[in-house]
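Presented below is the structure to which this report refers.
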Amino acid sequence: MRRVLLRDQALTVLREAIVTGGLAPGAVVKDSELAQRMGLSVAPVRAALARLADEGLVEAKPQSHTRVTPLVPGQVHDAAVVVRAMHEVAVREAVPRLTGEDVAAMRAANDRFAAALEAGDVDAAVAADDDLHGVLVARCGNASVAATVDRFTPAVRRLERRRFAEAHGRRSVELHERLIAACAAADVEDAVATTTDIWTALLSELEDDSDGSR
């Protein structure tokens, strides 16, 4: 049990470092050095890196090295398609079950999101965005949906952080407001359609990035 907890601790720290850019795309990472920096043994760090490889955040070459994966728009696009589909399922299942407190929590999260964007606080914006959509993922009650969102969202977050640092994030506030209004009205179809719009906007930017890299 302790080994699992230490692995989870290492996983949280390393994933955050990759998503926020503390460990930059292409950076070579060594489990022994990471373990020393975190005050852990090598075993939980290796387990965490294996999980991050499964999430597409690091890549390992046998007998060579492990490095943070480059930010490849096409790969992020694939992950975003999966995340969008899971959020659509979550919304469809969650909206009929939402309480007034749930809707209030979503509104409060969007207020925090807007304030964070205004202040240029990307960390707070990402946290608020997670809180808002997390209400729906939690309320849908589908463990497979939640696990899939957790599995693929980190790959998308690296791009979203850049998006929230730019003017594109302001559009997200408006889309969130539409989503919350649909949830408050128990309008499942509008809530799903708005969720699709939220993720399609991100996918469109990914396609623009892909075109620009050619």
Side-chain angles (χ1 to χ4, degrees), residues 15-16 19-21 71 73 76-142 144-209:
R15 184 190 285 131
E16 181 72 10
V19 170
T20 60
L71 188 56
V76 180
H77 179 280
D78 291 346
V81 168
V82 174
V83 175
R84 177 179 65 183
M86 290 300 97
H87 278 289
E88 289 168 349
V89 172
V91 169
R92 188 171 296 281
E93 296 185 4
V95 170
R97 305 174 184 174
L98 290 175
T99 66
E101 290 181 355
D102 291 330
V103 174
M106 293 174 68
R107 286 199 178 101
N110 199 36
D111 288 344
R112 294 196 304 275
F113 179 74
L117 290 179
E118 188 66 26
D121 189 339
V122 177
D123 289 336
V126 169
D129 188 66
D130 280 340
D131 288 345
L132 190 155
H133 295 288
V135 170
L136 294 161
V137 172
R139 185 58 69 185
C140 86
N142 189 319
S144 294
V145 167
T148 305
V149 169
D150 287 344
R151 160 73 174 78
F152 288 99
T153 296
V156 181
R157 276 297 185 222
R158 288 199 288 175
L159 179 79
E160 275 196 308
R161 289 183 63 85
R162 186 180 69 191
R163 182 172 182 252
F164 290 162
E166 299 171 352
H168 302 292
R170 308 302 189 274
R171 174 62 174 154
S172 294
V173 176
E174 298 172 4
L175 289 170
H176 287 165
E177 289 173 351
R178 274 180 48 196
L179 174 60
I180 294 165
C183 289
D187 189 335
V188 174
E189 296 306 322
D190 191 29
V192 172
T194 303
T195 298
T196 301
D197 287 346
I198 289 170
W199 286 94
T200 299
L202 176 62
L203 287 165
S204 295
E205 290 173 30
L206 283 167
E207 290 168 0
D208 290 343
D209 283 353

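Computed from a predicted model, the values in this text were never measured in an experiment.
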### Query
Got a second to check how far Thr196's OG1 is from Leu175's CG, nearest 0.5 Å?
11.0 Å
### Message
Rounded to the nearest 0.5 Å, what separates atom OG1 in Thr194 from atom CZ in Arg178?
### Response
4.0 Å
### Task
Would you mind checking if Arg157 and Asp129 are paired as a salt bridge, meaning a charged N to carboxylate O distance below 4.0 Å?
yes
### Task
Walk me through it: do Glu177 and Asn110 pass the test side chain to side chain contact (heavy atoms under 4.5 Å, CB included)?
CA-CA 8 Å; Glu177 289 173 351; Asn110 199 36; 3.5 Å; yes
### Message
Considering only residues two or more places apart or on different chains, which pairs with a residue in residues 183-192 satisfy salt bridge (charged side-chain N to carboxylate O under 4.0 Å, His left out)?
### Response
Arg92-Glu189
### Query
Once you round to the nearest 0.5 Å, how far does OG1 of Thr195 lie from CG of Leu179?
4.5 Å
### Query
Does any pair with a residue in residues 82-102 pass ring pair (Phe, Tyr, Trp, His ring centres under 6.0 Å), and if so which ones, sequence neighbours excluded?
His87-His133, His87-Trp199
### Task
State, to 0.1 Å, how close Ala94 and Leu136 come at their nearest heavy-atom pair, and which atoms those are.
CB-O, 3.3 Å
### Query
Got a sec, which residues hit side-chain hydrogen bond (donor to acceptor under 3.5 Å, both in side chains) with Thr200, two or more places apart in sequence or on another chain?
Arg84
### Contacts of Glu174 that satisfy side-chain hydrogen bond (donor to acceptor under 3.5 Å, both in side chains) - sequence neighbours left out
Arg171
### Query
For the atom pair CD1 (Ile198) and CG (Leu203), what is the distance rounded to the nearest 0.5 Å?
12.5 Å
#### Entry: Note, Leu132 side chain near Ile180 side chain (heavy atom, < 4.5 Å)
yes
Result block: side-chain N/O donor-acceptor pairs under 3.5 angstrom for residues 96-107, not counting sequence neighbours:
| from | atom 1 | to | atom 2 | distance (Å) |
| --- | --- | --- | --- | --- |
| Arg97 | NE | Glu93 | O | 3.4 |
| Arg97 | NH1 | Cys140 | O | 2.4 |
| Thr99 | OG1 | Glu101 | N | 3.3 |
| Thr99 | OG1 | Asp102 | N | 3.1 |
| Thr99 | OG1 | Asp102 | OD2 | 3.2 |
| Asp102 | OD1 | Arg139 | NH2 | 3.2 |
| Asp102 | OD2 | Thr99 | N | 2.9 |
| Asp102 | OD2 | Arg139 | NE | 2.8 |
| Asp102 | OD2 | Arg139 | NH2 | 3.1 |

### Those residues that, when tested against Asp123, pass salt bridge (charged side-chain N to carboxylate O under 4.0 Å, His left out) (two or more places apart)
Arg161
### Task
Identify the two heavy atoms, one from Ala125 and one from Leu117, that lie closest to each other, and give their separation to 0.1 Å.
CB-CD2, 4.0 Å
#### Entry: Evaluation steps, side chain to side chain contact (heavy atoms under 4.5 Å, CB included), between Thr20 and Val126
CA-CA 10 Å; Thr20 60; Val126 169; over 6 Å; no
### Query
Which heavy atom of Ala128 sits nearest a heavy atom of Ala109, and at what distance?
CB-O, 3.4 Å
